[in-house]
Every structure is written in C-alpha cells, then in structure tokens.
There are 2 protein chains.
Amino acid sequence: MSQAEAASGPSRSERTRSSILQEAERLFAERGFEATRLEDVAEAVGIRRASIVYYFRDKRELYDMVLGSVFGGFHARLESALGGTAPLPHRVEAAVSAWVEYVGERPALARLLLREVAGAPERGPALLDHIQPFVDLVRGFIAKLEPHETEALSPVEPAHFASTIAGATVFFVAAMPALLPDRGDPLKPEQLEAHRREMLGIARRLLGVRRTNTG
Amino acid sequence: MSQAEAASGPSRSERTRSSILQEAERLFAERGFEATRLEDVAEAVGIRRASIVYYFRDKRELYDMVLGSVFGGFHARLESALGGTAPLPHRVEAAVSAWVEYVGERPALARLLLREVAGAPERGPALLDHIQPFVDLVRGFIAKLEPHETEALSPVEPAHFASTIAGATVFFVAAMPALLPDRGDPLKPEQLEAHRREMLGIARRLLGVRRTNTG
DNA sequence: GTCTATAGAGAGATAGAC
DNA sequence: GTCTATCTCTCTATAGAC
C-alpha cells in the first residue's frame, strides 16, 4: 500500500485484485482447478474475463496466488503457536487448536488441500512449494527442543502426527455436509469446537500425555 | 460370466472392458475427472479412444462405474467385519482394520475419495449414491446393537468416528508421498501396519476402550 | 469390436479499442 | 483498467468403414 492509499484505503486496482483472489479461492476450492472457468470467476467478481488476465498472467498464476494466500495465512499462526516457552505438549496443543480454528475461518483451505493432496506426487510439484515452509517450521521447532522434550515426542513420528490431525480435520469439514447433509454444518461453532476437542484428545494420546478435560 | 466363459475364461470383450476400468481407475485417481483425457485411458489400455465409448456411453458413465467398483469392493468387507457375534469393540476394530487394509490394496480409493469429498455438496450428488450403502450399513449395525452396547458407543458420534478414521487414512496414504517424498512409500507393509495400529489406538480411545497392545 | 475421420462445443489467451 | 472481438487448441462425442 502506498502512502496515499494508507489514507484513502485500497485503490480500485487493489480492490479488484483482491476480489478476484477471493472469488477464485472459493471457486477453485469448490470445483477444482480444471473445472473452474475464468468466466465464472469474472462473473462472480462482476467483471469480464479479459480483466482477470490484466492482474494475473494466466489461470495457473491465479491459482498459485490463491494457494499462497490460503497457506501463507496459516504460517504465521502456526509459528506463533509453536513459539514461546510453554511446555512442549502445550505448544503442540496450541498448534492443533490454531489449525482447527484457521480451517474454520477459511474452509476453502480444507477443499484445496484435499484436492492438492489427491494429485499424484509426480504431477504438479505446486503443493510442495506451499507446504515446504511448514515442514521447515516444524523441523526447526523439533531441532530446538531440549533433549528431554525430544524424548517425549518419541511415541509418534511428527509426520504421522501432522498427517493424522490435518487429514481428520479437512476431511471432517469437507465430508460432513456431503455425506450426511442432515447433520448440520460442521463449521458451526459448536461442531467445530467439538471437533477441536477431539483432535486435542488424539494429539494428547499420540504424544503420550495423560488425558485432561479441555484445551 | 456365461457358462462357456466359465470354462474358457473371460471373453475378449470382458478383458477389454476390465482393462478400461482398471486404467480409468488409476488415471481418474491420479488426475481427477476433468483432467483425465479419454485419450490417455485408451492409450494406457492400448486401444483407440472411440472404442471406450463402445463399452461406456460417455466419460461420466465410465467414472461412475469406477466409483462403483472401488466403493463396492469395500462394502462386502465392511459388512463381514461388522457382522458376527464378537463384542462390539472387536467388531469395530475389525472394521477399522478392514478399511486400512482395503485402502492399502486399492490406493486409488484414497485419491478418489479425497477428490469427491472436496467437491462442494451441491455439485454432483454422485458421491452420495456410492456412500449411502455404507451409511445404511452402519445405521443398521447400530440399530441391531444391544442396549448396553449402544451405551458403550456414547462417547463419540458414529459419523465423527468414521470421518476421523477415514480422513486420517486417506490423507496419510495420499499426502505422505507428496509432502515428504524422502519418507518412503506409505503403502509399504510396515508403514501401513504402523498406520493401522495407530488408527486402532485412536478407535479405542474414541470408543472409550482401555488400551491394549496390538490389533 | 475396433478403427479413422470429423463434427461441434468450450475455454484460455491475445490484440487492440475506449 | 476494463472492455469487445477473435484466434487457436483441446477434448468429447458421433458417423460410418472394416
């Protein structure tokens, strides 16, 4: 944002660009990359298709920007949750809570991640670029642990731990409305909170922590 | 299979049809419905694209047949696991094991399910048709339980239980090779077995069963 | 049953006016 | 910045020969 914009708010250009990203996020999540037409994104924004290309070189670049925005938004949260001086299990639990809360705020992440993960590894290393920061973050976190804390992690591999929590959450958020439509929206605060507690319970079990009541 | 085929084996027609289904299963799983070209399926089988249409009306029908085959294959297994007179937790654990084993044998299921679940509920009720038999099966199972067994289920909702296990497994199988390529194939027997045990542990926790060693 | 050839629709990308 | 118009390519589906 330039100085002038700091006073007057985002420029028209920035508002348009931001709207495109927002609608693209929703549509790519709902329909997938191939099935999403730039025409649909344009219509949702209220502009013409050619205008999208003014902001983003092509469809692929738009998609990459969406992924960057969605995954990037969680990176800071995770960093903050894992930081600090609290005991190891508390920090891991804070990370799990941050994850479930973020998915609740930005459910497009769930569908985008499901789709990306479904893609065969050879095809499209796109995902890896966006996930690598998280892998690095977690590896750094583990590297900085005290020896006695590292031992506490031994019951489970970090990769498996993350996969279980991440998979259970995105599947829950995306699958419930599809498979059990009469069950109510999983994004409703009560449902999400129940899920969060369940994930915390699983996290504690995987970490070998004795069970407590809430998080 | 007709009487003649019972002796001579599958006819050429049946072999071709079966090959188409097999390659389509793999390609739809790896690339998704839209990104899969009938051309690619035909090439993988070693025939021409037009021949596919001789066996399947159109691309959509082929896709539906693939889903039917993949999901249908698990239905019998689940039914058998949930049946019998063993105590409730044992039958649930047998179901979890059957699930993990089936995904291991037919990993296309993982990617197909991830993709289907990612689709917004409004678009394409296709998945529901294939999942409904499972919902019915589980509801029937619960309905037939003794009162004291039903109580044992109370700690967790069946839908949430299934979502957690199913999500964690398909995510694990599909995401590991993509996100941590140096970690080895999750489909290798040791890895799959470790995952199965972990899922059993989670299942027991969700069912409120005291922990034991293996399944 | 499997093929070649082609019709027909759809969507991304580009050029250039305003 | 946003538009209209158009080019070009890709893919499904069909028709009909062998």
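In what follows, every chain begins at residue 1, and chains take the letters A, B, ... in the order their sequences are listed.
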Tabulate below the donor-acceptor pairs under 3.5 Å that side-chain atoms of residues 171-186 of chain A make, not counting sequence neighbours, or state none.
from     : atom 1 : to       : atom 2 : distance (Å)
A/Arg183 : NH1    : A/Gln191 : OE1    : 2.8
A/Arg183 : NH2    : B/Glu157 : OE1    : 2.7
A/Arg183 : NH2    : B/Glu157 : OE2    : 3.4
A/Asp185 : OD1    : A/Leu187 : N      : 2.8

Nearest-angstrom distance from the residue atom [atom1] of [X] to [atom2] of [N]:
| X | N | atom1 | atom2 | value |
| --- | --- | --- | --- | --- |
| A/Glu61 | C/dA13 | CD | C1' | 14 Å |
| A/Glu14 | D/dG1 | CD | C1' | 14 Å |
| A/Ile52 | C/dA11 | CD1 | P | 13 Å |

Using a cut-off of strictly less than 4.0 Å, decide whether [X] has a side-chain nitrogen or oxygen near OP1 or OP2 of [N].
| X | N | value |
| --- | --- | --- |
| B/Ser51 | C/dG1 | no |
| A/Tyr54 | D/dT2 | no |
| A/Tyr55 | D/dT2 | yes |
| B/Thr16 | C/dT2 | yes |

>> What I want to check is whether the side chains of B/Ser97 and B/Arg197 have a donor and an acceptor closer together than 3.5 Å.
In response: no
>> Under a 3.5 Å cutoff, is there a donor and acceptor pairing between the side chains of A/Ser11 and A/Arg17?
In response: no
> For A/His90, does the NE2 atom have more than 12 heavy-atom neighbours from other residues, nucleotides or ligands under 6.0 Å away?
Replying inline: no
>> With side chain to side chain contact (heavy atoms under 4.5 Å, CB included) as the test, pick out the partner of A/Ile20 among A/Leu38, A/Val66, A/Val41.
In response: A/Val41
>> By the salt bridge (charged side-chain N to carboxylate O under 4.0 Å, His left out) test, which pairs, at least two apart or in different chains, include something from residues 38-55 of chain A?
In response: A/Arg31-A/Asp40, A/Glu39-A/Arg49
> So which of residues 41-48 of chain B are in contact with DNA chain C, with a heavy-atom cut-off of under 4.0 Å?
Replying inline: B/Ile47, B/Arg48
>> Can you list everything that forms a side-chain hydrogen bond (donor to acceptor under 3.5 Å, both in side chains) with A/Glu105? Sequence neighbours excluded, please.
In response: A/Arg77
> Side chain of B/Ser80, backbone of B/Ala76: donor and acceptor closer than 3.5 Å?
Replying inline: no
> Quick one: bend of the helix from C/dG1-D/dC18 to C/dC18-D/dG1 from 5 pairs per end, to 10°?
Replying inline: 10°
>> Taking the cut-offs as 6.0 angstrom to the six-membered ring centre and 45 degrees off its axis, would you call B/Arg115 and B/Phe28 a cation-pi pair?
In response: no
>> Counting C-beta onward and ignoring hydrogens, is there a side-chain heavy-atom pair between A/Leu78 and A/Phe141 closer than 4.5 Å?
In response: no
> When every nucleotide of nucleotides 11-18 of chain D is labelled 5' to 3' by its protein contacts under 4.0 Å (heavy atoms), B for base, S for sugar-phosphate only, - for none, what sequence of letters results?
Replying inline: SBBB----
> Is the ring centre of A/Phe134 less than 6.0 Å from the ring centre of A/Phe74?
Replying inline: yes
